[in-house]
Amino acid sequence: MNGQVSIQGRLMRSLTIVSLVGALLLLLFIGIEYRISFAELSDGAALQVVIHELTEHVVIPMILLAIPMAVAARWAIRRAVEPLELAAQKIDAARGEARGVRIDALSLPLEAQPFARAVNSLLERVDDAAALHEAFAADIAHELRTPLTLLSLELDRLDGAHAAQLRMDVAAMRRLIDQLMLLAQIDAEQAAHLPPTSVDLIEVAGDVLAQLAPAALAGGRMLELRGEGHSFILARREAVAAALRNLIENALRVTPLGIPVVVLADQPGQLAVRDGGAGLSSERLDILVQRLRRADYASTNGAGLGLAIVARIMAAHGGRLVTDPDKRELRLIFPNV
Amino acid sequence: MARLLVIEDNERLGALIAEGLAGRGYRSDVACCLADADAALAVASFDAIVLDLGLPDGDGLDWLRARQPAGEPPALILTARGGLEDRIKGLDAGADDYLVKPFSVEELAARLRALLRRPGRRAEPVLKVGPIRYDTASRSASVHDRSLDLARREADLLELLLRRAGQVVRRRTIEDALYRFDEAVTPNALEAIVSRLRRKLDDAGTVGQLHTVRGVGYLLRDVGTD
């Protein structure tokens, strides 16, 4: 037998067979009890009586019994299966990198509980494996910092074009390490369910700009903050700052000299970064954001990870990252408090 | 020549830091652990401490917290802990600045310059950034040894920017420093002072050192002392 059979289908089939066998046995029993012979059945009037008797005492009771049984069985099965469907929906609803998704085994029928427990232990192993993978990435990133510092300081002792190029390579490695550690931390914080605090977006923006401005100015680039109004959201402050920092660093990279990168705190619960680049289409943003899910760290440098990290920070806050290519703007939209 | 205590357990790293800083006008003693550092601090006086956090005989943050007298000499944390909240934890423990590895000697030297310019017991009476000199006692400024004629608030602003050279000083911080709390500050008043100071500096021979970060604050570029 191929094809899938529902519990309901099987039960209906069993009930039908039981009913038919029962009816047959009953007919046989009645035949023997009343000594009905086949000879009598040939007599028209007698046949009428026999059929009448059989209908009244066998067929009607069987039908009266079978219908409520079928209805009750359907109802009982539906009730029993409902929690399984809810559990499946819950697992399906867990998007992306959500952690700690478990089925409530006690809400399921006893017979399904061993299966639910097995699913839960599988989910736990998946979570553990993901956490281990990230902790490993963070550990490696951390361990690389000291040798990279030695390399960077040795390079400081050298002169010439080669040393300058190597210094840029070290800076790129450092950025990648920072991004990997940031990523591990966002996930760890999300898993730890740290309580958010009240964060003033314009204050965070001012801080981040103040941090980035000296290096930007040294490279001949200008930063600007527009917007005066305070706008409070519930968030992890340092994560919001990291998201904005990533957007600004990206913007500085694509903006030609002489054009300022502008941070806009123009709407409640939103921050936008406007650059002088070519503008980023939604399709391209989607591709960049998907990078992490495909986990191809190797093919990207720290710069490439930036937008994917921003998107993940926004998702962790229940917000989103959107692009407006016409305004050359990337916008962080936090949910309303 | 400022004297530093570098507390770093990686011997090679400690030597490289000391060598790099020697080329930028700092004399460094390297301690390999907290016990060494305590011994050095007991017998000599230092202008600043450069501290690694993970040390063989204890955690640098705990050591910093327990230090007496607190905050003296100023300390700069040098660490591989680059987490989002780590910087805040370090500053809370009494560090004056926080630099995450890897770094370049140039970065470290710039941070130390800023650290030593902060007001405090050991602060030098004369602030120097590039060609600009400011005597905090007589409140007089000069550029390329030619004295500047500054109004009171221009001098206050210059001192503030010199002390934090290389960093953006936020508008609110400047307004709080320049005006008494009962004085109303119009949005344009500060900009007028800044532009007067910028003109005087540029007339005296600085080259675009005073920058505006619109909406955030002002920054005096740290071009090093010569």
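Throughout, protein chains are lettered first and strands after them, A, B, ... in sequence-line order, and every chain is numbered starting at 1.
Contacts of Leu182(A) with chain B are made by side-chain atoms alone, with heavy-atom separations under 4.5 Å and no backbone atom involved. Only the side chain of Ile88(B) comes within less than 4.5 Å of a heavy atom in chain A; its backbone stays farther off. In this structure, chain A has no heavy atom under 4.5 Å from any part of Val169(B). Looking at Leu13(B), the atoms closer than 4.5 Å to chain A (heavy atoms on both sides) sit in the backbone and in the side chain alike.
Shown here are the side-chain contact (heavy atoms from CB on, under 4.5 Å) partners of Ala213(A), two or more places apart in sequence or in another chain: Leu223(A), Val168(B), Val213(B).
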Using only the distance criterion (under 3.5 Å, no hydrogens considered), which donor-acceptor pairs connect chain B with chain A?
| residue | atom | partner | partner atom | Å |
| --- | --- | --- | --- | --- |
| Arg12(B) | NH2 | Glu154(A) | OE2 | 3.2 |
| Glu19(B) | OE1 | Arg157(A) | NE | 3.4 |
| Glu19(B) | OE1 | Arg157(A) | NH2 | 3.0 |
| Glu19(B) | OE2 | Arg157(A) | NE | 2.8 |
| Glu19(B) | OE2 | Arg157(A) | NH2 | 3.4 |
| Ala80(B) | O | His142(A) | ND1 | 3.4 |
| Ala80(B) | O | Arg145(A) | NE | 3.1 |
| Leu84(B) | N | Gln185(A) | OE1 | 2.9 |
| Glu85(B) | OE2 | Arg236(A) | NH2 | 3.2 |
| Lys101(B) | O | Arg145(A) | NH1 | 2.5 |
| Pro102(B) | O | Arg174(A) | NE | 3.4 |
| Pro102(B) | O | Arg174(A) | NH1 | 2.8 |
| Phe103(B) | O | Ser152(A) | OG | 2.8 |
| Val105(B) | N | Asp156(A) | OD2 | 2.7 |
| Glu107(B) | OE1 | Arg174(A) | NH1 | 3.4 |
| Arg170(B) | NH1 | Asp207(A) | OD1 | 2.8 |
| Arg214(B) | O | Leu225(A) | N | 2.8 |

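Put simply, of Ala216(A), Ala210(A), Ala242(A), the one with the most heavy-atom pairs under 4.5 Å next to chain B is Ala210(A). Most heavy-atom pairs under 4.5 Å with chain B: of the set Val263(A), Leu144(A), Leu153(A), this distinction falls to Leu153(A). The choice from Gly215(B), Gly23(B), Ala80(B) that makes the most heavy-atom pairs within less than 4.5 Å of chain A is Ala80(B).
Residues Leu151(A) and Pro102(B) have side chains not in contact (no heavy-atom distance under 4.5 Å, counting atoms from C-beta outward).
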